[in-house]
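This report refers to the structure that appears directly beneath it.
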Amino acid sequence: MRVRFAPSPTGQLHIGGARTALYNWLAARHAGGRFILRIEDTDRERSTPENIAHILEALRWLELDWDEAIVHQTDNEERHRQVLERLLDEGRAYRTTATGDDVKAWKAEHGAGRGYRGTPMADGAVRLHVPDEGATVVHDLIRGDAVFQHEHLDDPVIARADGSPLFNLAVAIDDHDAEITHVVRGEDHISNTPKQLLVLEALGAPKPVYAHLPLLHGPDGRKLSKRHGAASVQDLRDAGYLPEAVRNYLALLGWGDADDETLIPTDELVKRFDLGRVSKNPARFDEQKLRWMNGRYLRGLGTEELTRRIEAFTGRERLGPAVAISEEKIQTLADFWPLAGFLYDGPSDDPKAREKWLAQTGHAALTDARLALAELTDWSHAGIEAALGAVVEARAAKPRDVYQPLRVAVAGTTVSPGIFETLSVLGREETLRRIDAALAAAPASA
RNA sequence: GCCGCCAUCGUCUAGGGGACUAGGACGCCGCCCUCUCACGGCGGAAACCGGGGUUCGAAUCCCCGUGGCGGUACCA
(Lines give C-alpha, C1' and ligand atoms only; values in the text may rest on other atoms or scores of the structure.)
Protein backbone atom coordinates (compact mmCIF):
# COMPACT_ATOMS: atom_id res chain seq x y z
CA MET A 1 0.00 0.00 0.00
CA ARG A 2 1.21 3.45 -0.93
CA VAL A 3 -0.82 6.41 0.25
CA ARG A 4 -0.26 10.12 0.14
CA PHE A 5 -1.30 13.19 2.02
CA ALA A 6 -1.42 16.10 -0.39
CA PRO A 7 -2.23 19.40 1.27
CA SER A 8 -2.23 22.65 -0.63
CA PRO A 9 -0.28 25.15 1.42
CA THR A 10 -2.83 27.93 1.42
CA GLY A 11 -2.84 28.40 5.17
CA GLN A 12 -2.30 26.51 8.39
CA LEU A 13 -3.08 22.82 8.56
CA HIS A 14 -6.72 22.62 9.47
CA ILE A 15 -8.11 19.99 11.77
CA GLY A 16 -9.89 18.34 8.87
CA GLY A 17 -6.61 18.15 6.99
CA ALA A 18 -4.94 16.75 10.07
CA ARG A 19 -7.49 14.00 10.23
CA THR A 20 -6.97 13.20 6.56
CA ALA A 21 -3.23 13.00 7.21
CA LEU A 22 -3.83 10.80 10.25
CA TYR A 23 -6.07 8.37 8.38
CA ASN A 24 -3.54 8.08 5.58
CA TRP A 25 -0.79 7.52 8.11
CA LEU A 26 -2.79 4.96 10.07
CA ALA A 27 -3.71 3.08 6.90
CA ALA A 28 -0.07 2.97 5.82
CA ARG A 29 1.27 1.94 9.19
CA HIS A 30 -1.43 -0.65 9.60
CA ALA A 31 -0.62 -2.24 6.27
CA GLY A 32 3.12 -1.80 6.52
CA GLY A 33 2.90 0.48 3.51
CA ARG A 34 4.37 3.86 2.68
CA PHE A 35 3.06 7.26 3.63
CA ILE A 36 4.05 9.96 1.18
CA LEU A 37 3.80 13.70 1.60
CA ARG A 38 3.11 15.81 -1.44
CA ILE A 39 2.71 19.56 -1.39
CA GLU A 40 0.19 20.74 -3.96
CA ASP A 41 1.59 24.14 -4.65
CA THR A 42 0.39 24.69 -8.19
CA ASP A 43 -1.70 27.60 -6.98
CA ARG A 44 1.16 30.05 -6.91
CA GLU A 45 -0.93 32.90 -5.63
CA ARG A 46 -1.71 31.26 -2.34
CA SER A 47 1.10 28.80 -1.83
CA THR A 48 3.86 30.28 0.31
CA PRO A 49 6.98 28.88 1.96
CA GLU A 50 5.59 29.98 5.32
CA ASN A 51 2.46 27.93 4.80
CA ILE A 52 4.50 24.91 3.81
CA ALA A 53 6.55 25.33 6.97
CA HIS A 54 3.37 25.51 9.04
CA ILE A 55 2.08 22.28 7.59
CA LEU A 56 5.32 20.42 8.18
CA GLU A 57 5.46 21.77 11.70
CA ALA A 58 1.92 20.59 12.35
CA LEU A 59 2.63 17.11 11.02
CA ARG A 60 5.77 16.84 13.11
CA TRP A 61 3.93 17.96 16.20
CA LEU A 62 1.30 15.30 15.53
CA GLU A 63 4.17 12.85 15.07
CA LEU A 64 2.92 11.71 11.69
CA ASP A 65 6.13 10.82 9.91
CA TRP A 66 6.36 10.43 6.15
CA ASP A 67 8.50 7.86 4.42
CA GLU A 68 9.98 9.48 1.34
CA ALA A 69 11.30 12.80 0.15
CA ILE A 70 8.57 15.41 0.04
CA VAL A 71 7.17 15.92 -3.43
CA HIS A 72 6.45 19.48 -4.51
CA GLN A 73 3.94 19.40 -7.27
CA THR A 74 5.48 22.38 -9.03
CA ASP A 75 8.72 20.40 -9.39
CA ASN A 76 6.85 18.04 -11.69
CA GLU A 77 5.63 20.74 -14.02
CA GLU A 78 7.81 19.62 -16.92
CA ARG A 79 6.44 16.15 -16.66
CA HIS A 80 2.89 17.51 -16.50
CA ARG A 81 3.48 19.56 -19.63
CA GLN A 82 4.86 16.55 -21.46
CA VAL A 83 1.80 14.52 -20.64
CA LEU A 84 -0.35 17.42 -21.73
CA GLU A 85 1.39 17.53 -25.11
CA ARG A 86 0.88 13.85 -25.52
CA LEU A 87 -2.81 14.11 -24.68
CA LEU A 88 -3.14 16.93 -27.19
CA ASP A 89 -1.21 15.04 -29.85
CA GLU A 90 -3.30 11.96 -29.39
CA GLY A 91 -6.47 13.98 -29.67
CA ARG A 92 -7.59 13.10 -26.15
CA ALA A 93 -7.58 16.75 -25.20
CA TYR A 94 -8.16 20.00 -27.06
CA ARG A 95 -7.79 23.70 -26.70
CA THR A 96 -10.67 26.12 -26.48
CA THR A 97 -11.11 29.72 -25.42
CA ALA A 98 -14.58 29.02 -24.11
CA THR A 99 -15.30 30.85 -20.88
CA GLY A 100 -17.66 30.04 -18.04
CA ASP A 101 -20.33 32.10 -19.75
CA ASP A 102 -19.85 30.16 -22.95
CA VAL A 103 -20.34 26.94 -21.06
CA LYS A 104 -23.48 28.31 -19.48
CA ALA A 105 -24.83 29.36 -22.85
CA TRP A 106 -24.01 25.96 -24.28
CA LYS A 107 -25.94 24.30 -21.47
CA ALA A 108 -28.90 26.57 -21.95
CA GLU A 109 -29.06 25.16 -25.43
CA HIS A 110 -28.24 21.50 -24.78
CA GLY A 111 -29.82 21.01 -21.37
CA ALA A 112 -28.66 21.74 -17.84
CA GLY A 113 -27.76 18.14 -17.12
CA ARG A 114 -25.68 17.77 -20.26
CA GLY A 115 -21.93 17.89 -19.85
CA TYR A 116 -20.16 20.62 -21.78
CA ARG A 117 -18.46 19.61 -25.02
CA GLY A 118 -16.29 22.25 -26.63
CA THR A 119 -15.05 22.73 -30.14
CA PRO A 120 -11.28 22.37 -30.62
CA MET A 121 -9.55 25.65 -31.39
CA ALA A 122 -6.04 26.83 -32.11
CA ASP A 123 -5.45 28.20 -28.65
CA GLY A 124 -7.03 28.59 -25.23
CA ALA A 125 -7.26 26.41 -22.17
CA VAL A 126 -6.91 22.67 -22.52
CA ARG A 127 -9.90 20.46 -21.90
CA LEU A 128 -9.99 16.69 -21.77
CA HIS A 129 -12.39 14.91 -24.11
CA VAL A 130 -15.04 13.05 -22.18
CA PRO A 131 -16.86 10.39 -24.18
CA ASP A 132 -20.59 10.85 -24.47
CA GLU A 133 -21.31 7.21 -23.86
CA GLY A 134 -20.69 5.16 -20.81
CA ALA A 135 -19.81 6.06 -17.28
CA THR A 136 -16.86 6.30 -14.95
CA VAL A 137 -17.20 4.32 -11.78
CA VAL A 138 -15.34 5.41 -8.67
CA HIS A 139 -14.59 2.43 -6.49
CA ASP A 140 -14.60 3.78 -2.99
CA LEU A 141 -13.61 1.73 0.05
CA ILE A 142 -15.92 3.75 2.23
CA ARG A 143 -18.90 4.37 -0.02
CA GLY A 144 -18.90 1.56 -2.48
CA ASP A 145 -19.28 2.47 -6.16
CA ALA A 146 -20.27 5.93 -7.28
CA VAL A 147 -21.33 6.03 -10.92
CA PHE A 148 -20.78 9.17 -12.98
CA GLN A 149 -22.54 9.09 -16.35
CA HIS A 150 -20.31 10.64 -18.97
CA GLU A 151 -23.16 12.54 -20.56
CA HIS A 152 -23.39 14.63 -17.38
CA LEU A 153 -19.69 15.35 -17.12
CA ASP A 154 -18.21 18.56 -18.52
CA ASP A 155 -14.99 18.23 -20.48
CA PRO A 156 -12.73 19.24 -17.62
CA VAL A 157 -10.14 21.97 -17.98
CA ILE A 158 -6.78 20.39 -17.31
CA ALA A 159 -4.39 23.22 -18.21
CA ARG A 160 -4.41 26.98 -18.56
CA ALA A 161 -3.97 28.68 -21.92
CA ASP A 162 -0.29 29.17 -21.08
CA GLY A 163 0.09 25.43 -20.73
CA SER A 164 0.44 25.38 -16.96
CA PRO A 165 -1.14 22.23 -15.56
CA LEU A 166 -4.25 22.36 -13.41
CA PHE A 167 -5.13 20.39 -10.35
CA ASN A 168 -6.98 17.46 -11.91
CA LEU A 169 -4.19 16.82 -14.38
CA ALA A 170 -1.35 17.22 -11.92
CA VAL A 171 -2.94 15.05 -9.27
CA ALA A 172 -3.65 12.19 -11.62
CA ILE A 173 -0.11 12.23 -13.00
CA ASP A 174 1.55 12.60 -9.62
CA ASP A 175 -0.49 9.83 -8.06
CA HIS A 176 0.40 7.62 -10.98
CA ASP A 177 4.11 8.48 -10.92
CA ALA A 178 4.30 7.91 -7.18
CA GLU A 179 2.54 4.59 -7.65
CA ILE A 180 -0.13 5.53 -5.18
CA THR A 181 -2.39 2.56 -4.55
CA HIS A 182 -4.97 4.21 -2.27
CA VAL A 183 -6.11 7.79 -2.52
CA VAL A 184 -7.47 8.77 0.88
CA ARG A 185 -8.83 12.31 0.90
CA GLY A 186 -11.80 14.44 1.85
CA GLU A 187 -15.23 13.93 0.41
CA ASP A 188 -15.03 17.34 -1.22
CA HIS A 189 -12.85 15.67 -3.84
CA ILE A 190 -15.35 13.03 -4.80
CA SER A 191 -16.56 14.84 -7.89
CA ASN A 192 -12.97 15.46 -8.99
CA THR A 193 -12.36 11.76 -8.99
CA PRO A 194 -14.02 10.86 -12.29
CA LYS A 195 -12.02 13.66 -13.95
CA GLN A 196 -8.78 12.27 -12.59
CA LEU A 197 -9.82 8.77 -13.50
CA LEU A 198 -10.47 9.93 -17.07
CA VAL A 199 -6.98 11.43 -17.22
CA LEU A 200 -5.52 8.17 -15.95
CA GLU A 201 -7.50 6.27 -18.52
CA ALA A 202 -6.32 8.53 -21.32
CA LEU A 203 -2.81 7.77 -20.14
CA GLY A 204 -3.48 4.06 -20.01
CA ALA A 205 -2.43 4.15 -16.37
CA PRO A 206 -3.71 1.82 -13.66
CA LYS A 207 -6.32 3.24 -11.30
CA PRO A 208 -5.89 3.55 -7.58
CA VAL A 209 -8.51 2.64 -5.04
CA TYR A 210 -10.25 5.59 -3.41
CA ALA A 211 -11.45 6.32 0.07
CA HIS A 212 -13.32 9.59 0.46
CA LEU A 213 -13.50 10.70 4.04
CA PRO A 214 -16.58 12.43 5.38
CA LEU A 215 -16.07 16.11 6.02
CA LEU A 216 -15.47 17.65 9.41
CA HIS A 217 -17.71 20.44 10.64
CA GLY A 218 -17.84 22.77 13.60
CA PRO A 219 -20.13 22.16 16.58
CA ASP A 220 -22.92 24.02 14.81
CA GLY A 221 -22.69 21.85 11.72
CA ARG A 222 -21.12 24.60 9.69
CA LYS A 223 -17.65 24.73 8.28
CA LEU A 224 -15.03 24.58 10.99
CA SER A 225 -13.43 27.98 11.57
CA LYS A 226 -11.65 30.05 14.16
CA ARG A 227 -15.04 31.18 15.30
CA HIS A 228 -15.44 27.72 16.86
CA GLY A 229 -12.26 28.05 18.88
CA ALA A 230 -9.54 25.77 17.64
CA ALA A 231 -9.54 25.29 13.87
CA SER A 232 -5.95 24.44 13.06
CA VAL A 233 -3.41 22.06 14.49
CA GLN A 234 -1.48 25.04 15.79
CA ASP A 235 -4.56 26.18 17.67
CA LEU A 236 -4.79 22.77 19.28
CA ARG A 237 -1.18 22.83 20.32
CA ASP A 238 -1.50 26.33 21.73
CA ALA A 239 -4.62 25.32 23.64
CA GLY A 240 -2.52 22.78 25.52
CA TYR A 241 -3.64 19.54 23.93
CA LEU A 242 -1.32 16.56 23.74
CA PRO A 243 -0.55 15.18 20.27
CA GLU A 244 -1.35 11.63 21.40
CA ALA A 245 -4.76 12.77 22.63
CA VAL A 246 -5.42 14.64 19.40
CA ARG A 247 -4.55 11.54 17.41
CA ASN A 248 -6.90 9.43 19.49
CA TYR A 249 -9.73 11.92 19.27
CA LEU A 250 -9.33 12.58 15.55
CA ALA A 251 -9.11 8.86 14.81
CA LEU A 252 -12.50 8.41 16.42
CA LEU A 253 -14.05 11.32 14.54
CA GLY A 254 -15.36 9.33 11.65
CA TRP A 255 -14.09 5.92 12.47
CA GLY A 256 -14.83 3.35 15.13
CA ASP A 257 -14.45 -0.35 15.46
CA ALA A 258 -16.65 -2.98 16.97
CA ASP A 259 -14.85 -2.92 20.29
CA ASP A 260 -16.35 0.42 21.14
CA GLU A 261 -13.27 1.52 23.04
CA THR A 262 -12.80 5.23 23.47
CA LEU A 263 -9.28 5.55 24.83
CA ILE A 264 -7.07 3.95 22.21
CA PRO A 265 -3.35 4.64 22.23
CA THR A 266 -1.71 5.24 18.88
CA ASP A 267 -0.05 1.83 18.56
CA GLU A 268 -3.41 0.23 19.14
CA LEU A 269 -4.99 2.58 16.61
CA VAL A 270 -2.47 1.38 14.07
CA LYS A 271 -3.38 -2.22 14.80
CA ARG A 272 -7.10 -1.69 14.49
CA PHE A 273 -7.49 0.97 11.83
CA ASP A 274 -9.45 -0.05 8.77
CA LEU A 275 -10.42 2.29 5.95
CA GLY A 276 -13.41 0.11 5.22
CA ARG A 277 -14.84 0.96 8.61
CA VAL A 278 -14.68 4.71 8.18
CA SER A 279 -18.06 6.29 8.66
CA LYS A 280 -19.94 7.80 5.74
CA ASN A 281 -21.49 10.75 7.49
CA PRO A 282 -19.86 14.05 8.29
CA ALA A 283 -18.70 14.55 11.86
CA ARG A 284 -18.67 17.58 14.10
CA PHE A 285 -15.57 18.57 15.92
CA ASP A 286 -16.56 18.68 19.58
CA GLU A 287 -13.86 20.18 21.74
CA GLN A 288 -15.51 19.07 24.98
CA LYS A 289 -14.77 15.46 24.28
CA LEU A 290 -11.21 16.29 23.27
CA ARG A 291 -10.77 18.14 26.57
CA TRP A 292 -11.95 15.13 28.51
CA MET A 293 -9.75 12.81 26.52
CA ASN A 294 -6.78 15.10 26.88
CA GLY A 295 -7.25 15.06 30.65
CA ARG A 296 -7.11 11.29 30.61
CA TYR A 297 -3.94 11.25 28.55
CA LEU A 298 -2.41 13.96 30.64
CA ARG A 299 -2.97 12.01 33.84
CA GLY A 300 -1.65 8.88 32.21
CA LEU A 301 1.68 10.55 31.50
CA GLY A 302 3.09 10.36 35.00
CA THR A 303 4.18 13.39 36.98
CA GLU A 304 7.69 13.48 35.62
CA GLU A 305 6.73 13.47 31.96
CA LEU A 306 3.81 15.80 32.55
CA THR A 307 6.16 18.22 34.27
CA ARG A 308 8.46 18.20 31.26
CA ARG A 309 5.55 18.96 28.96
CA ILE A 310 4.20 21.72 31.15
CA GLU A 311 7.63 23.28 31.50
CA ALA A 312 8.02 23.24 27.73
CA PHE A 313 4.55 24.69 27.32
CA THR A 314 4.88 27.48 29.89
CA GLY A 315 8.56 28.17 29.47
CA ARG A 316 8.98 28.02 33.27
CA GLU A 317 11.24 25.75 35.27
CA ARG A 318 11.20 23.60 38.40
CA LEU A 319 7.44 23.10 38.31
CA GLY A 320 7.55 19.52 39.56
CA PRO A 321 5.99 19.98 43.00
CA ALA A 322 3.23 22.19 41.66
CA VAL A 323 2.47 19.78 38.85
CA ALA A 324 2.27 16.91 41.31
CA ILE A 325 -0.51 18.60 43.26
CA SER A 326 -2.36 19.95 40.18
CA GLU A 327 -2.38 16.91 37.92
CA GLU A 328 -5.88 15.74 38.67
CA LYS A 329 -7.38 19.19 38.27
CA ILE A 330 -6.33 20.07 34.76
CA GLN A 331 -7.46 18.95 31.35
CA THR A 332 -4.91 20.73 29.20
CA LEU A 333 -1.37 21.99 29.57
CA ALA A 334 -2.81 25.49 29.40
CA ASP A 335 -4.95 24.87 32.48
CA PHE A 336 -1.93 24.53 34.71
CA TRP A 337 -0.71 28.07 35.08
CA PRO A 338 -4.05 29.69 35.92
CA LEU A 339 -4.51 27.05 38.61
CA ALA A 340 -1.05 26.88 40.14
CA GLY A 341 0.86 29.90 38.89
CA PHE A 342 0.22 31.67 42.19
CA LEU A 343 2.71 29.32 43.82
CA TYR A 344 5.44 31.03 41.80
CA ASP A 345 4.13 34.48 40.96
CA GLY A 346 2.25 35.28 44.15
CA PRO A 347 -1.47 35.39 44.84
CA SER A 348 -3.74 36.59 42.09
CA ASP A 349 -6.18 39.35 42.78
CA ASP A 350 -9.83 38.43 43.19
CA PRO A 351 -11.54 41.23 45.17
CA LYS A 352 -14.78 39.29 45.44
CA ALA A 353 -13.01 36.33 47.00
CA ARG A 354 -11.23 38.55 49.50
CA GLU A 355 -14.41 40.31 50.38
CA LYS A 356 -16.25 37.09 50.97
CA TRP A 357 -13.62 35.09 52.83
CA LEU A 358 -11.30 37.56 54.55
CA ALA A 359 -13.78 39.72 56.43
CA GLN A 360 -15.00 39.17 60.02
CA THR A 361 -15.11 35.43 60.80
CA GLY A 362 -12.79 34.69 57.94
CA HIS A 363 -10.30 37.13 59.33
CA ALA A 364 -10.54 35.56 62.78
CA ALA A 365 -10.20 32.04 61.40
CA LEU A 366 -7.19 33.09 59.40
CA THR A 367 -5.64 34.62 62.47
CA ASP A 368 -6.09 31.35 64.36
CA ALA A 369 -4.72 29.38 61.45
CA ARG A 370 -1.67 31.62 61.33
CA LEU A 371 -0.97 30.99 64.99
CA ALA A 372 -1.23 27.25 64.55
CA LEU A 373 0.95 27.23 61.47
CA ALA A 374 3.58 29.46 63.04
CA GLU A 375 4.20 26.94 65.80
CA LEU A 376 3.99 23.90 63.60
CA THR A 377 7.22 21.91 63.58
CA ASP A 378 6.24 19.22 61.11
CA TRP A 379 5.70 21.20 57.87
CA SER A 380 4.37 18.31 55.86
CA HIS A 381 1.03 17.55 54.28
CA ALA A 382 0.09 15.40 57.31
CA GLY A 383 1.44 17.89 59.81
CA ILE A 384 -0.37 20.81 58.22
CA GLU A 385 -3.57 18.84 58.01
CA ALA A 386 -3.38 17.94 61.70
CA ALA A 387 -2.63 21.49 62.79
CA LEU A 388 -5.41 23.03 60.72
CA GLY A 389 -7.80 20.27 61.74
CA ALA A 390 -7.21 21.31 65.33
CA VAL A 391 -8.06 24.91 64.42
CA VAL A 392 -11.30 23.80 62.82
CA GLU A 393 -12.16 21.83 65.92
CA ALA A 394 -11.22 24.57 68.35
CA ARG A 395 -13.36 27.08 66.48
CA ALA A 396 -16.18 24.56 66.10
CA ALA A 397 -16.22 25.70 62.50
CA LYS A 398 -16.97 24.03 59.24
CA PRO A 399 -13.74 23.01 57.55
CA ARG A 400 -14.37 25.37 54.68
CA ASP A 401 -14.64 28.34 57.00
CA VAL A 402 -11.02 27.90 57.89
CA TYR A 403 -9.68 26.56 54.61
CA GLN A 404 -11.24 29.06 52.24
CA PRO A 405 -9.84 32.15 53.98
CA LEU A 406 -6.48 30.41 53.96
CA ARG A 407 -6.81 29.59 50.30
CA VAL A 408 -7.74 33.13 49.40
CA ALA A 409 -4.83 34.42 51.46
CA VAL A 410 -2.19 32.32 49.72
CA ALA A 411 -3.72 31.89 46.26
CA GLY A 412 -5.77 35.03 45.99
CA THR A 413 -8.73 33.04 44.65
CA THR A 414 -11.20 30.44 45.80
CA VAL A 415 -9.84 27.76 43.50
CA SER A 416 -6.50 26.06 43.97
CA PRO A 417 -4.97 22.65 44.48
CA GLY A 418 -5.71 21.03 47.87
CA ILE A 419 -4.93 23.44 50.67
CA PHE A 420 -2.61 21.12 52.62
CA GLU A 421 -0.68 20.28 49.48
CA THR A 422 -0.54 23.91 48.52
CA LEU A 423 0.87 25.04 51.85
CA SER A 424 3.41 22.25 51.96
CA VAL A 425 4.68 23.22 48.52
CA LEU A 426 4.64 26.89 49.37
CA GLY A 427 6.74 26.44 52.52
CA ARG A 428 6.26 27.94 55.96
CA GLU A 429 7.96 31.23 55.39
CA GLU A 430 6.08 32.14 52.23
CA THR A 431 2.81 30.89 53.65
CA LEU A 432 3.10 33.08 56.74
CA ARG A 433 4.16 36.07 54.67
CA ARG A 434 1.08 35.75 52.47
CA ILE A 435 -1.22 35.28 55.43
CA ASP A 436 0.19 38.37 57.08
CA ALA A 437 -0.26 40.38 53.92
CA ALA A 438 -3.86 39.23 53.63
CA LEU A 439 -4.55 39.96 57.27
CA ALA A 440 -3.09 43.45 56.93
CA ALA A 441 -5.00 44.20 53.74
CA ALA A 442 -8.31 43.21 55.28
CA PRO A 443 -8.44 44.34 58.92
CA ALA A 444 -10.88 42.56 61.20
CA SER A 445 -12.87 45.70 61.80
CA ALA A 446 -13.56 46.20 58.11
C1' G B 1 -30.57 24.72 -11.68
C1' C B 2 -27.46 20.41 -12.67
C1' C B 3 -24.20 16.25 -10.87
C1' G B 4 -22.96 13.52 -6.60
C1' C B 5 -22.59 12.03 -1.36
C1' C B 6 -25.02 11.35 3.31
C1' A B 7 -29.14 10.45 7.18
C1' U B 8 -29.09 6.00 14.91
C1' C B 9 -29.31 9.87 21.66
C1' G B 10 -27.40 17.28 21.87
C1' U B 11 -22.25 15.28 19.87
C1' C B 12 -18.85 10.97 18.21
C1' U B 13 -20.35 6.20 17.31
C1' A B 14 -21.85 0.33 17.85
C1' G B 15 -25.42 -2.05 14.84
C1' G B 16 -24.61 -5.35 8.41
C1' G B 17 -32.92 -9.13 8.70
C1' G B 18 -34.59 -12.11 14.40
C1' A B 19 -29.31 -11.78 19.98
C1' C B 20 -32.64 -4.38 20.22
C1' U B 21 -36.71 -3.42 26.49
C1' A B 22 -31.23 -0.07 20.27
C1' G B 23 -25.03 -0.73 23.31
C1' G B 24 -20.59 2.52 24.52
C1' A B 25 -18.15 7.39 25.03
C1' C B 26 -18.43 12.96 25.67
C1' G B 27 -21.81 16.37 27.49
C1' C B 28 -26.15 16.94 30.78
C1' C B 29 -28.92 15.65 35.55
C1' G B 30 -28.82 13.18 40.51
C1' C B 31 -26.16 10.70 44.46
C1' C B 32 -21.40 9.33 46.81
C1' C B 33 -16.36 11.09 47.86
C1' U B 34 -14.82 16.19 49.47
C1' C B 35 -11.25 22.18 52.15
C1' U B 36 -12.36 25.01 46.71
C1' C B 37 -12.05 23.23 41.83
C1' A B 38 -11.43 18.86 39.91
C1' C B 39 -10.50 13.54 39.72
C1' G B 40 -12.91 9.02 40.77
C1' G B 41 -17.34 5.81 41.76
C1' C B 42 -22.62 4.79 41.21
C1' G B 43 -27.32 5.84 38.92
C1' G B 44 -30.58 8.55 35.34
C1' A B 45 -32.79 11.22 31.13
C1' A B 46 -31.68 11.05 25.98
C1' A B 47 -31.88 8.48 19.18
C1' C B 48 -33.27 4.62 14.58
C1' C B 49 -35.79 11.84 9.44
C1' G B 50 -40.93 10.74 6.99
C1' G B 51 -43.79 7.56 3.78
C1' G B 52 -44.24 3.37 0.94
C1' G B 53 -42.60 -1.46 -0.20
C1' U B 54 -39.73 -6.61 0.27
C1' U B 55 -40.11 -10.25 4.39
C1' C B 56 -43.11 -14.59 8.99
C1' G B 57 -39.88 -10.53 10.86
C1' A B 58 -36.37 -4.10 9.14
C1' A B 59 -32.50 0.56 12.69
C1' U B 60 -30.54 -3.00 9.18
C1' C B 61 -32.60 -4.39 2.06
C1' C B 62 -35.34 -1.43 -2.12
C1' C B 63 -38.10 3.03 -3.82
C1' C B 64 -39.95 7.95 -3.14
C1' G B 65 -39.96 12.31 -0.31
C1' U B 66 -37.57 15.60 2.98
C1' G B 67 -33.27 17.55 5.05
C1' G B 68 -27.93 18.32 5.32
C1' C B 69 -23.41 18.51 2.77
C1' G B 70 -20.00 18.62 -1.45
C1' G B 71 -18.98 19.85 -6.47
C1' U B 72 -20.39 22.67 -10.50
C1' A B 73 -13.29 27.89 -12.03
C1' C B 74 -8.11 28.97 -17.37
C1' C B 75 -8.58 27.36 -7.58
C1' A B 76 -6.85 23.31 -4.94
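Lettering follows sequence order; numbering is per chain, from 1.
Every residue meeting the side-chain contact (heavy atoms from CB on, under 4.5 Å) condition with A:Ser424, not counting sequence neighbours, appears here in chain and number order: A:Ile384. Partners of A:Asn248 by side-chain contact (heavy atoms from CB on, under 4.5 Å), not counting sequence neighbours, listed by chain and number: A:Leu252, A:Leu263, A:Ile264, A:Met293, A:Tyr297. For A:Tyr210, the ring-ring contact (aromatic ring centres under 6.0 Å, His included) criterion is met by A:His212, not counting sequence neighbours. In this structure, the salt bridge (charged side-chain N to carboxylate O under 4.0 Å, His left out) partners of A:Arg114, at least two apart in sequence or on a different chain, are A:Asp132. Here A:Asp349 pairs with A:Arg354 under the salt bridge (charged side-chain N to carboxylate O under 4.0 Å, His left out) rule; sequence neighbours left out. Under the ring-ring contact (aromatic ring centres under 6.0 Å, His included) criterion, A:His381 pairs with A:Phe420, sequence neighbours left out. A:Glu40 is linked by a salt bridge (charged side-chain N to carboxylate O under 4.0 Å, His left out) to A:Arg38, counting only residues two or more places apart in sequence or in another chain. A:Asp177 pairs by the salt bridge (charged side-chain N to carboxylate O under 4.0 Å, His left out) definition with A:Arg79, not counting sequence neighbours.
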Give every pair of a protein N or O atom and an N or O atom of nucleotides 59-67 of chain B that lie under 3.5 Å apart, one pair per line with the distance.
none

So which protein nitrogen or oxygen atoms get under 3.5 Å of nucleotides 7-9 of chain B's nitrogens or oxygens?
residue: B:U8; atom: OP2; partner: A:Asn281; partner atom: ND2; Å: 2.9

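Here CG of A:Asp257 is found 12.5 Å from NZ of A:Lys271. Values are rounded to the nearest 0.5 Å.
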What one-letter contact string describes nucleotides 14-28 of chain B from 5' to 3', where B marks a base within less than 4.0 Å of any protein heavy atom, S marks contact via sugar-phosphate atoms alone, and - marks no contact?
SS-------BSBSS-
Once each nucleotide of nucleotides 70-76 of chain B is scored for protein heavy atoms under 4.0 Å, what B/S/- sequence comes out, 5' to 3'?
SS--BBB
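For A:Lys329 against B:C39, no side-chain N or O and base N or O form a donor-acceptor pair under 3.5 Å.
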